[in-house]
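What's counted below: heavy atoms across the whole structure, side chains too, no hydrogens, waters or symmetry copies. All values derive from a computational prediction rather than experimental measurement.
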Amino acid sequence: MRKWAIPSALILLCLLSLLSDQGKKVQANAEEGAVDPPKVEEKIGAVPNGLQTDSDVVKRESESISSRSLRNNAEKFEFQAEVSRLMDIIINSLYSNKDIFLRELISNASDALDKIRFLSLTDKEVLGEGDTSKLEIQIKLDKEKKILSLRDRGIGMTKEDLIKNLGTIAKSGTSAFVEKMQSSGDLNLIGQFGVGFYSVYLVADYVEVISKHNDDKQYVWESKANGAFAISEDTWNEPLGRGTEIRLHLRDEAQEYLEESKLKELVKKYSEFINFPIYIWASKEVDVEVPADEDESSDEEETTDSSSSEEGEDGDAEKSEDEDTEKKPKTKKVKETTSEWELLNDVKAIWLRSPKEVTDEEYTKFYQSLAKDFGDEKPLAWSHFTAEGDVEFKALLFVPPKAPQDLYESYYNSNKANLKLYVRRVFISEEFDELLPKYLSFLKGLVDSDTLPLNVSREMLQAHGSLKTIKKKLIRKALDMIRKIAEEDPDESSGKDEKEVENSGDDDEKKGQYTKFWNEFGKSIKLGIVEDATNRNRLAKLLRFESTKSDGKLTSLDQYISRMKAGQKDIFYITGTNKEQLEKSPFLERLKKKNYEVIFFTDPVDEYLMQYLMDYDGKQFQNVSKEGLKIGKDSKNKELKESFKELTKWWKGALASENVEEVKISNRLDNTPCVVVTSKFGWSANMERIMQSQTLSDASKQGYMRGKRVLEINPRHPIIKELRERVVKDPEDEGVKQTAQLIYQTALMESGFNLPDPKDFASRIYSSVKSGLNISPDATIEDDDDVEETEAEPETKEGTGIPKGEFEPAKDDADTETESSDLKDEL
């Protein structure tokens with residue numbers, strides 16, 4: 001047994017070794033044939049293929065990255081997070097706009113400068129001396145090498161910081177810095193090097209980060225974003241002193257970022273209000289005087305000699321001038337290209353200062369820079385405030401002096417918003433329509449908050465409860481700002497004493513400002529009443545309109561209520577196309593006579609407005625062209641109803657085909673025989689006309705919204721009295737029926753309705769004219785005698801086109817002979 005024990009043991013060991021080798025080979029083959037994990041773009045979900053990039057582009061970018069290699073003597077590291085496909089993530093899903101890479105880098109540089117400035121408060125030596133102590137950001141271009149450099153003199157990074165902050169995706173040193181300093185002052189930073197840093201790979205295929213910290217040597221971090229990066233001590237670049245310089249080796253398709261104009265545009269858009277100066281190494285052409293060549297000077301002398309010889313009388317004067325010029329050396333101006341540091345962000349973020357410290361001129365200048373409106377007119381008003389509480393933010397709102405021409409074009413389909421969103425003075429976007437409602441989209445301004453819930457790319461706002469709080473505060477401040485325009489306008493302060501108005505210093509400047517605002521943006525206030533039920537009462541206070549007692553000026557609802565008669569419970573108004581027509585409306589006759597004030601609404605949107613604005617300050621609104629109008633008490637009303645009961649009943653039957661619901665005695669007429677009113681909750685005549693003029697209106701679906709029509713007659717008018725007597729005598733008289741029909745159609749037209757059959761109305765008018773001229777109704781129109789002659793063809797001579805009896809020109813004998821011979825030949 002012992003003989004076999006040793007050989008068997010050896011055989012078992014060999015078998016085990018073979019099995020282990022085979023297992024390793026299987027595992028290796030499995031790894032080689034493993035299926036790649038699903039690409040990032042396959043899991044986007046929201047918009048399929050919306051943010052994807054062509055696979056050929058990704059392949060080309062990968063080849064471009066691999067063309068560069070890390071330094072051989074550098075210390076190699078692997079990224080701590082899975083970044084081997086980082087380019088796919090950034091290009092395909094994270095960012096939708098390549099331009100933001102510069103915003104992210106400047107934001108990071110600003111954070112680094114903030115940190116060193118904070119440390120310098122307790123230790124001034126950390127800033128250093130000379131240029132190193134200047135807290136600024138510099139941008140430089142190298143078109144030949146296709147390198148874009150951005151340098152700051154911030155706190156810099158040690159070797160350990162480079163590994164920690166740039167070696168891990170979304171690793172930010174800012175939060176750790178804030179916790180360490182245990183301060184809540186100006187240190188609520190965005191993040192020094194988070195995901196935003198990797199946006200550089202949108203435009204670059206190779207990145208170098210040169211950094212110098214006061215506590216360490218100068219190091220270079222370099223990476224192609226292919227899963228590895230390298231760090232080495234910097235012994236070949238210029239010493240930074242302190243800070244960080246980022247060099248982007250731009251791709252071929254990103255060469256536009258080597259243009260100074262493009263970079264200036266991006267800085268102005270995204271980083272204009274960064275707290276530190278941003279400079280760019282800009283080139284410009286200047287005129288320089290240089291000595292002129294001898295050939296050019298001799299040519300100039302010849303030309304001057306020839307010109308002086310031609311001018312005889314002034315020759316002596318020119319010679320003296322030439323002698324003076326000959327004494328000076330001959331020079332010429334040539335164009336030379338020079339370069340110098342140009343400041344890009346000269347406009348300061350005034351919203352960070354106290355409103356008491358900012359002058360009106362500074363507000364005006366800031367508005368012009370923000371709105372790109374460099375006209376002579378100042379903004380009508382502005383509101384500068386800081387909100388504290390659950391959500392903290394600073395805001396600055398402006399009312400422009402003029403409304404843009406396309407303000408109300410595609411009002412409900414467009415997502416225009418003139419409110420810019422900033423996070424720590426860094427521009428994020430101006431497409432956030434969640435911060436202000438549409439009816440306040442004419443306002444211009446900005447919101448700066450550190451706590452807004454942005455997504456990882458800082459391009460979109462996440463759904464969050466704090467947005468409602470911000471929106472609520474912005475609306476309240478905006479409405480207060482508009483109300484203040486009215487309060488400071490002397491034309492609006494009718495309740496104040498004249499002495500108070502005279503003593504106010506800025507009256508001349510603020511006079512008529514609210515009228516100007518209303519003419520430009522009044523429709524937005526009306527739309528706000530329709531859309532915003534929460535602030536409807538506040539918006540109603542801002543309404544302005546003309547009335548029967550406003551003498552051509554605008555008045556408010558508060559002023560109207562102050563002029564109401566004793567016992568008046570309703571606010572009277574009427575809608576129409578223009579004020580001139582409404583002033584002549586029969587609906588106002590009795591109201592004017594009794595000295596009631598009526599509001600004129602002439603804007604088409606007013607019809608929609610009054611469907612939502614039902615009451616104000618305990619007073620109901622009453623359309624004087626609709627049912628339900630109450631004007632005091634009339635003791636004779638019952639007697640009149642009884643005396644005209646037979647007429648109203650007969651007339652209703654005569655108008656059965658006209659869809660008239662009722663004929664009754666009117667309390668609103670004075671000089672007009674009758675009018676047609678509509679039911680209280682139906683469309684008015686003006687609203688019917690508006691709806692019929694809609695491009696895509698459907699008449700078949702509008703019938704249920706048309707108000708029921710009621711014919712109101714004036715019992716004191718002689719026409720109505722005479723008609724009553726005629727009806728009492730003979731209700732079946734055809735002439736009386738025709739007259740009643742004509743009176744109704746006339747009232748329908750005078751009340752603002754469109755006639756359903758204009759031809760019928762015209763024929764009734766002509767019949768009435770005949771009767772007035774004592775023309776018989778059976779009179780016929782005479783026939784035209786020339787009709788047959790004009791239709792009959794005139795007789796002509798055979799073989800000619802000349803009618804018989806027409807003048808024929810005389811012919812020569814030769815012509816006659818040739819004609820006769822030609823005729824014989826033809827025969």
Below 4.5 Å, heavy atoms only, C-beta onward: do [X] and [Y] meet side chain to side chain?
X    : Y    : result
F587 : I574 : yes
P673 : I713 : no
T359 : Y363 : no
L542 : Y514 : yes
I720 : W651 : yes
S768 : L742 : yes
F393 : F385 : yes
Q741 : R764 : yes

If you measure from [atom1] on [X] to [atom2] on [Y], what distance do you get to the nearest 0.5 Å?
X    : Y    : atom1 : atom2 : value
T534 : N537 : OG1   : CG    : 12.0 Å
E531 : I529 : CD    : CD1   : 11.0 Å
N686 : I690 : CG    : CD1   : 4.5 Å
R724 : I719 : CZ    : CD1   : 14.5 Å
F517 : I482 : CZ    : CD1   : 4.0 Å
D532 : K438 : CG    : NZ    : 14.0 Å

Residues [X] and [Y] bridged, charged N to O under 4.0 Å:
X    : Y    : value
K549 : E597 : no
E487 : R483 : yes
E725 : K729 : no
E658 : K652 : no
E627 : R709 : no

| request: Among residues two or more places apart or on two chains, list those pairs meeting salt bridge (charged side-chain N to carboxylate O under 4.0 Å, His left out) that have a residue in residues 730-741. | output: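 For residues 730-741, and leaving out neighbouring residues, the salt bridge (charged side-chain N to carboxylate O under 4.0 Å, His left out) pairs sorted by first residue read E732-K737.
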Heavy-atom count check: over 12 atoms from other residues, nucleotides or ligands less than 6.0 Å from [X] [atom1]?
X    : atom1 : answer
K484 : NZ    : no
Y408 : OH    : yes
K630 : NZ    : no
N519 : CG    : yes
K473 : NZ    : yes
K649 : NZ    : no
D551 : CG    : no
K565 : NZ    : yes

| query | Going through the distances and angles, do M564 and Y560 end up as a side chain to side chain contact (heavy atoms under 4.5 Å, CB included)? | reply | CA-CA 6 Å; M564 286 176 64; Y560 178 95; 3.8 Å; yes
Please check if any side-chain donor atom of [X] sits under 3.5 Å from a side-chain acceptor atom of [Y], or the reverse.
X    : Y    : answer
S550 : E546 : no
Y573 : D606 : no
N623 : S625 : yes
T548 : Y596 : no
E589 : T672 : yes
E607 : T575 : yes
R726 : T739 : no

| said: Let's go through E712 and R668 carefully: what are the C-alpha distance in whole Å and the side-chain angles of both, what is the deciding distance for side chain to side chain contact (heavy atoms under 4.5 Å, CB included) to 0.1 Å, and is it a yes or a no? | reply: CA-CA 9 Å; E712 291 190 359; R668 69 186 87 206; 2.9 Å; yes
| message | Both conditions, 6.0 Å and 45 degrees, for the charged tip of K579 above the ring of F600: are they met here? | response |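 K579 over F600 ring: no.
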| request: Please say whether the positively charged group of K444, taken as NZ for Lys or CZ for Arg, lies over the ring of Y367, i.e. under 6.0 angstrom from the six-membered ring centre and within 45 degrees of the axis. | output: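 Not flagged: K444 not positioned over aromatic ring of Y367.
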| request: Check the pair W351, V358 against side chain to side chain contact (heavy atoms under 4.5 Å, CB included), reporting the backbone distance first and the verdict last. | output: CA-CA 9 Å; W351 69 85; V358 186; over 6 Å; no
Is the backbone of [Y] close enough, under 3.5 Å, to the side chain of [X] for a donor and an acceptor to pair up by distance?
X    : Y    : value
N578 : E580 : yes
E661 : V710 : no
K626 : G682 : yes
K523 : D603 : no

| remark: Tested for salt bridge (Lys or Arg N to Asp or Glu O under 4.0 Å) against D670, the lone hit among R590, K593, R716 is K593
| Atom of P715, atom of S666 and distance for their closest heavy-atom approach |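 Scanning both residues, the minimum pair turns out to be CD-O, 4.3 Å.
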| message | Among V447, T469, L443, exactly one meets side-chain contact (heavy atoms from CB on, under 4.5 Å) together with L474. Which residue is that? | response | V447
| field | Stepwise side chain to side chain donor-acceptor pair (under 3.5 Å) check, D760 with Q745 | value | CA-CA 10 Å; D760 180 61; Q745 289 179 335; 2.9 Å; yes
